[in-house]
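What follows is one structure encoded as structure tokens, with my remarks underneath.
Every number for a ligand or one of its atoms is a count from 1 in the order of the listing. Small disclaimer: the values here were computed from a predicted structure and weren't measured.
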Amino acid sequence: MGSIGYYVAYGFIIYQTVTGKSSVGTLTFLAGSFRQLSSLMENSLNRFTSVSQGAIYLNDFHEFFEIKPKITVAASPLPFPKPIKQGFTFEDVGFKYNNAESWANRHLNFTLQPGEKIALVGENGAGKTTLVKLLARLYDPTEGRILLDGADLRDYDIADLRLNLGIIFQDYIRYQMSFSQNIAVGNIDEQANIELIRKAAHESLADTLAARLPLGYDQWLGRRFNEGVELSGGEWQKVALARAYMKQAQVLILDEPTAALDARAEYEVFQRFSSLTQGKSAVLISHRFSTARLADRIIVLERGSILEAGTHEQLMANNGRYAELFNLQAAGYQ
Ligand SMILES: Nc1ncnc2c1ncn2[C@@H]1O[C@H](COP(=O)(O)OP(=O)(O)OP(=O)(O)O)[C@@H](O)[C@H]1O
Ligand SMILES: [Mg+2]
């Protein structure tokens, strides 16, 4: 349309000049003006296009800010009990992920006593990680409820709850930051407390690694930056494990904390773990039965529900799924 208008106007002034209605001077002047006008119009139309393109992203931006947290905070939250008196009780807890067809956890009934060490075992996808996510209140149960010292977990102050849980997930993050910052993320309020960071590193065996790094605790980790040093899988895991020891947590939850560790490191980690968690509750997820058998109680999960529970000796005597899997793994060593 713009081009048509432009050429029609051009034709018109040429016609006017040829028929002698306007002078050659006017023709030159008008032709220049038309060219300028058309480029100005083009520019302003382009502006509209870029504005409308930008508006698409603005939509995303507003939608992002409209997302409300699904985990609601109680109006007058209870402080986390110090110490825990009765423990965590799961009452017929079921959980289904958003848009998921099947239940990740169903009909869970058990109590994590104060000071008790529980091991969760079960096949891939049995719902072990989901269970500890419910315990840390990353999700609320779809059905049933979780009680802490008799009150619903939803009634507690969520920041206080998280402060009292030391938790290392299976898919922990390898931060492209310094060695000490990598540990400090376990309790960011204490990031300047180098004493505490060193203590945590000692407890998770990461300190021997720091001694080998050129810049020690200030060494940048990961390859994203030039001066960074890449660690092996097991070394990263020791760093991640130190995060759990950054807090004076009453409950420690470790989701396959030693999967990448060598046999000696794993043995030492658990030697320390049992002395460090004296009097504290702990939930341990492991596929290695040599580790799981150290717990006070072992819970075997299958398709989200508890199949059996008891001490290693009881479960072996039961000759159920635990005994079957234990013997299967043990057979590999003989
Ligand atoms: N974020 C998610 N969204 C939807 N479904 C999920 C999500 N996380 C897990 N699931 C599903 O929930 C079920 C239980 O998963 P979960 O991670 O608890 O298993 P797990 O016992 O920890 O397994 P693994 O031994 O492999 O770590 C699986 O069937 C899985 O597909
Ligand atoms: Mg898992």
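- For the Mg ion (ligand 2), the neighbouring protein N/O/S atoms at less than 2.8 Å, given as residue and atom, are T129 OG1, Q170 OE1.
- Partner of F179 under the side chain to side chain contact (heavy atoms under 4.5 Å, CB included) criterion, out of V229, L209, D218, L215: L209 alone.
- Within 4.0 Å of ligand 1, heavy atoms belong to protein residues Y97, A104, E123, N124, G125, A126, G127, K128, T129, T130, Q170, E256, H287.
- Between R321 and E308 no salt bridge is recorded (no basic side-chain N to carboxylate O distance below 4.0 Å).
- Sorted by first then second residue, the ring-ring contact (aromatic ring centres under 6.0 Å, His included) pairs that include residues 288-321, not counting sequence neighbours, are F289-Y322, H312-Y322, H312-F326.
- Closest non-hydrogen pair, L108 versus G304, comes out as CD2-O, 3.5 Å.
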Which side-chain N or O atoms in residues 68-77 pair as donor and acceptor under 3.5 Å with protein atoms at least two apart or in another chain?
none

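- In this structure, R243 is not positioned above the aromatic face of Y172 in the sense of NZ or CZ being under 6.0 Å from the six-membered ring centre and within 45° of the axis.
- L163 and N187 get closest at one heavy-atom pair: CD1-OD1, 4.4 Å.
- Between the side chains of N105 and T130, no donor-acceptor pair is found at a separation under 3.5 Å.
- Salt bridge absent: E230 and R223 never bring a charged side-chain N and a carboxylate O closer than 4.0 Å.
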